[in-house]
Amino acid sequence: MNDASNDSGQPLIAHLLELRNRLLKAMAAIFVVFLGLFYFSRELYTLVAKPLMQAMPEGTSMIATGVASPFLAPFKLTLYLSIFVAMPFILHQAWAFVAPGLYRHEKRLAVPLLGSSVLLFYAGAAFAYFVVFPLMFQFFTAIAPEGVAVTTDISSYLDFVLALFLAFGLAFELPIAIVLLVSTGATTVEKLAAARAYVVVGCFVVGMLLTPPDIISQTLLALPMWFLFEVGLLAARLIRREKQKQQESPDA
């Protein structure tokens, strides 16, 4: 009886040990990237703050209201950026952990989805930085009441832009979500296409919830989400067509 319990418990222990090793490797990758970037933490913060600083009125600058903010804000940015840079390796560790339990056709679909999810997240963050931030900060500084000096706190600004990076990065994952929903049978391409009008309204609602209360940033998030919804439908159709070909010719 003891042998049976040991046999049943051994796979669980082995999986937990492997999970621990994968997590340690992911944390080690983040730490290595952090060490390489920390020396440039001030320059990195200046780069992230550039869209706001360019939009601020002449003679104004950002401020630090906290005693430790000049150190903590660049430190926090570097830590988040390290996770951002190490994300491909982190996802690779996650993939290596779950891959042995997947079927061959699931592996064939999962690999491009993982790669696409990373690229789409990076694309969402880049879109926020290069397109949304300049327009949004120009709008914010232009509508400031007369006599009000725009002197943003560096910690508040960092929290604000990190939230937007995350919002746009996740919003750009919409095609991946659509492909997964269709592939798992949760819905069909035809049902999603028929609900296009509701999806468009939903995109603007999500834009309202995930962005600051201004029409510019809301629209700049909603329109790409609508476009990515159409991209997801196209990708789902192509994957379904490929599956049908494989079913019609099983020997291929």
Side-chain angles (χ1 to χ4, degrees), residues 83-84 87-88 90-132 135-136 162-252:
I83 300 174
F84 187 73
M87 189 56 65
I90 296 172
L91 290 178
H92 172 72
Q93 294 301 313
W95 164 251
F97 178 72
V98 302
L102 300 178
Y103 293 105
R104 183 178 300 177
H105 68 278
E106 292 175 334
K107 292 181 181 179
R108 191 181 298 116
L109 179 63
V111 172
L113 286 181
L114 281 174
S116 300
S117 64
V118 176
L119 293 178
L120 285 171
F121 190 89
Y122 287 170
F127 181 82
Y129 181 81
F130 291 105
V131 178
V132 178
L135 294 174
M136 184 172 57
L162 287 178
L164 284 182
F165 278 138
L166 181 62
F168 277 84
L170 292 179
F172 271 55
E173 299 291 333
L174 185 57
I176 304 298
I178 292 176
V179 170
L180 289 176
L181 288 173
V182 174
S183 299
T184 57
T187 186
T188 63
V189 176
E190 289 74 19
K191 289 181 180 180
L192 290 173
R196 181 177 281 107
Y198 299 101
V199 172
V200 173
V201 175
C203 289
F204 280 91
V205 171
V206 172
M208 178 184 65
L209 296 175
L210 295 183
T211 60
D214 69 282
I215 191 63
I216 296 178
S217 56
Q218 292 172 9
T219 304
L220 288 175
L221 179 58
L223 291 181
M225 286 183 65
W226 182 10
F227 171 75
L228 291 169
F229 170 76
E230 301 296 339
V231 172
L233 290 182
L234 177 60
R237 288 192 179 98
L238 294 175
I239 293 175
R240 184 180 62 180
R241 190 177 306 168
E242 185 66 24
K243 284 185 177 180
Q244 291 175 348
K245 290 181 180 179
Q246 293 177 359
Q247 292 174 356
E248 293 173 358
S249 57
D251 295 336

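All figures in this text were calculated on a predicted structure; none of them were measured in a lab.
Distance CG/Leu113 to CG/Leu120: 10.0 Å, rounded to 0.5 Å. Note: Leu220 CG to Leu164 CG = 11.0 Å, rounded to the nearest 0.5 Å. Put simply, CD1 on Ile83 and CD1 on Ile90 are 6.5 Å apart, with the number rounded to the nearest 0.5 Å. The distance from the CG atom of Leu228 to the CG atom of Leu223 is 11.0 Å, given to the nearest 0.5 Å. For the atom pair Thr188 OG1 and Leu181 CG, the distance stands at 11.0 Å (nearest 0.5 Å). Rounded to the nearest 0.5 Å, atoms CZ (Phe121) and CD1 (Ile176) are 13.0 Å apart.
Residues meeting the side-chain contact (heavy atoms from CB on, under 4.5 Å) test with Gln93, sequence neighbours left out: Arg22, Lys25, Phe89. Remark: Glu230 pairs with Arg196, Trp226 by the side-chain hydrogen bond (donor to acceptor under 3.5 Å, both in side chains) rule, at least two apart or across chains.
Looking only at side-chain heavy atoms (C-beta outward), Leu192 and Val199 stay at 4.5 Å or farther from each other. Counting only heavy atoms from C-beta outward, the side chains of Leu170 and Leu166 approach each other to under 4.5 Å.
For Phe172 and Tyr122, the ring centers are positioned 6.0 Å apart or more.
Note: Tyr129 and Phe165 have parallel aromatic rings, judged against thresholds of 30 and 60 degrees for the angle between ring planes.
Of all heavy-atom pairs spanning Ala236 and Ile178, the tightest one is CB-CG2, 4.5 Å.
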